[in-house]
Amino acid sequence: MSNQVTTINPATGEPLDSYAQMDVDQASRIIEQSHEAFLSWRLESLEKRASIVKAIGKALQDNQETFTDLMVKEMGKLPKEARQEIDLCVGICDYTAAQGPKALADEERQPGNGQRGIVTYSPIGVIYGIQPWNFPAYQVVRYSIANIMAGNSVLLKHAENVTGSALLLEKIYREAGLPENVFRALVISHDTSDEVIAHPLVRGVTLTGSDSAGSKVAAQAAKHLKKTVLELGSNDAYLVLDDADLEVAVNTCTTGRVYNVGQTCVAAKRFVVTEANYEAFKERFVEKMKALKVGDPTQSDTDLGPMARVDLRDDLHDQVEESVRKGAKILCGGEKPAGKGAFYPATVLDDVTPGQPAYDDELFGPVAALIRAKDDEDAMRIANDSRYGLGGGIISTDVKRATELASKYFDTGMIFINGFGVATPEMPFGGVKNSGYGREHGGFGMHEFVNVKSIIVVQE
């Protein structure tokens, strides 16, 4: 008898649906079907691929309310944020369809050892993606659309608690006109996932998740000499500099910490505030965080829905308690609610110092870590004092100087100045250090899993 995956509504604790897990033999058959589909898909013109990518975006838009309802039920996302997620996915499809034919077109070069050179970006085969639950549509669209445009076929192992979202995406892609088996969802265990990575027909692996998960998957892929792209966790620092506009700072930092209930890899997590602004920022920030209403995500006056799972909520609370044991002070929140659901209040910690989880680790939920800096230079030092480097922010009225600080000194992959954002199709997305490697978006993702092939015509 096969194992079952059961999805749970994190707002109510009630079961939603059950799905049979595939065994290794079933997964292997799908890999073979995916490879067969690739052999035809790679031969389609760039223009044909682009037209189907565009159609997938249209189908996602057409299914926006269905997908929104499912995301609210499977992981507790606020409906307005779920709709924004689908809008972003549509934007990715539109951008990829418009830019893909140009980004992947053959390039003519003049070699020194022949009459003519051609560089081609040739697809390589089956690309396997392991994705988390926090953005059930976007995380998948981000890697799959780039690879579909490149001519690869794509497999997905989604997080178990959003299995319904994985299967809905497969259905939407297929109904939009993507040939059968070019995109398939695998409902499999971690052990079977290792077998998928090892399968000779799987040519590349991409993962979004924690740095510990990334390390394991990268090691497994490296054992079989397969390229990986890793988008891992972070504890992004937002710097409030001496000349910051405090209203902009408080609004940006509040949104940046609680968007998606704080379950975002590029969420604002550490708030590094200079001495000049610290007390005033703290007072206003705590007041704004305290005012946020936690509750049923389907209610229009709810600011914070539940976290995605009870175990994740409990892990976050353990990190808060350990930080307090090591000297942090709770300014608001910090208490685990009784009753059903995976709810957690907006929480602000003060006196955050190295050695505490709130300083060193990723707090994947609505908990803000306040860190005092002496001045702007000290703030940048603290921001870079992290094993992570995915995103970050700078709040300053001197945008030219903030841009220079971001460019020359901030050791992270994506920096927002005087605002917060998650991602945009036009700009590269990815990190450094323990936040991973490789880039998605901005055309870069289409080049991650291709064979950059040299063809040299010695004589015509």
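Since the structure is predicted, the reported quantities are computational estimates derived from the model, not experimental observations. For the numbers below, each heavy atom of this structure counts, side chains included, while hydrogens, waters and symmetry mates do not.
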For the pair [X] and [Y], find out whether any cationic side-chain nitrogen is under 4.0 Å from an anionic carboxylate oxygen.
| X | Y | result |
| --- | --- | --- |
| Arg49 | Glu44 | no |
| Lys58 | Asp62 | yes |
| Arg174 | Glu170 | no |
| Asp361 | Arg387 | yes |
| Asp94 | Lys54 | yes |

With under 30° as parallel and over 60° as perpendicular, where do the rings of His447 and Tyr121 fit, or are they tilted in between? parallel
Parallel, tilted or perpendicular: ring planes of Tyr259 versus Phe420, cut at 30 and 60 degrees: tilted
Distance-only, no hydrogens or angles: does the [X] side chain make a donor-acceptor pair with backbone N or O of [Y] under 3.5 Å?
| X | Y | value |
| --- | --- | --- |
| Ser323 | Gln319 | yes |
| Ser45 | Lys48 | yes |
| Arg270 | Ile382 | yes |
| Asp303 | Lys293 | yes |
| Glu362 | Asn235 | no |
| Arg257 | Ala369 | no |
| His199 | Leu201 | yes |
| Arg203 | Ile124 | yes |

Below 4.5 Å, heavy atoms only, C-beta onward: do [X] and [Y] meet side chain to side chain?
| X | Y | result |
| --- | --- | --- |
| Trp41 | Ile148 | yes |
| Lys433 | Asp411 | yes |
| Pro101 | Met149 | yes |
| Leu155 | Ile30 | yes |

Among Gln26, Gln4, Glu160, find the residue that satisfies the side-chain hydrogen bond (donor to acceptor under 3.5 Å, both in side chains) test when tested with Gln21. Glu160
Polar contact flag, side-chain donor to acceptor under 3.5 angstrom, [X]-[Y]:
| X | Y | value |
| --- | --- | --- |
| Ser234 | Asp236 | yes |
| Gln99 | Thr96 | no |
| Ser212 | Ser215 | no |
| Tyr128 | Ser193 | yes |
| Gln61 | Gln64 | yes |
| Arg42 | Ser122 | no |
| Thr163 | Thr7 | no |

Can we call the ring centroids of Trp133 and Tyr138 under 6.0 Å apart? no
ring-ring contact (aromatic ring centres under 6.0 Å, His included) partner of Phe183, chosen from Tyr143, Phe38, Tyr173: Tyr173
Between Lys227 and Phe449, is NZ or CZ placed under 6.0 angstrom from the six-membered ring centre and within 45° of the ring axis? yes
Please report the closest heavy-atom contact between His158 and Pro136, naming both atoms and the distance. NE2-O, 2.8 Å
Can you see which heavy atom on Lys269 is nearest to which on Cys265, and at what distance? NZ-O, 3.1 Å
Show the atom names and distances, to 0.1 Å, of all donor-acceptor pairs under 3.5 Å that link a side chain in residues 71-80 to residues at least two apart or in another chain.
{"from": "Lys73", "atom 1": "NZ", "to": "Asp69", "atom 2": "OD2", "distance (Å)": "3.1"}
{"from": "Glu74", "atom 1": "OE1", "to": "Ser165", "atom 2": "N", "distance (Å)": "3.2"}
{"from": "Glu74", "atom 1": "OE1", "to": "Ser165", "atom 2": "OG", "distance (Å)": "2.8"}
{"from": "Glu74", "atom 1": "OE2", "to": "Gly164", "atom 2": "N", "distance (Å)": "2.8"}
{"from": "Lys77", "atom 1": "NZ", "to": "Glu85", "atom 2": "OE1", "distance (Å)": "3.0"}
{"from": "Lys77", "atom 1": "NZ", "to": "Asn134", "atom 2": "O", "distance (Å)": "3.0"}
{"from": "Lys77", "atom 1": "NZ", "to": "Asn260", "atom 2": "OD1", "distance (Å)": "2.7"}

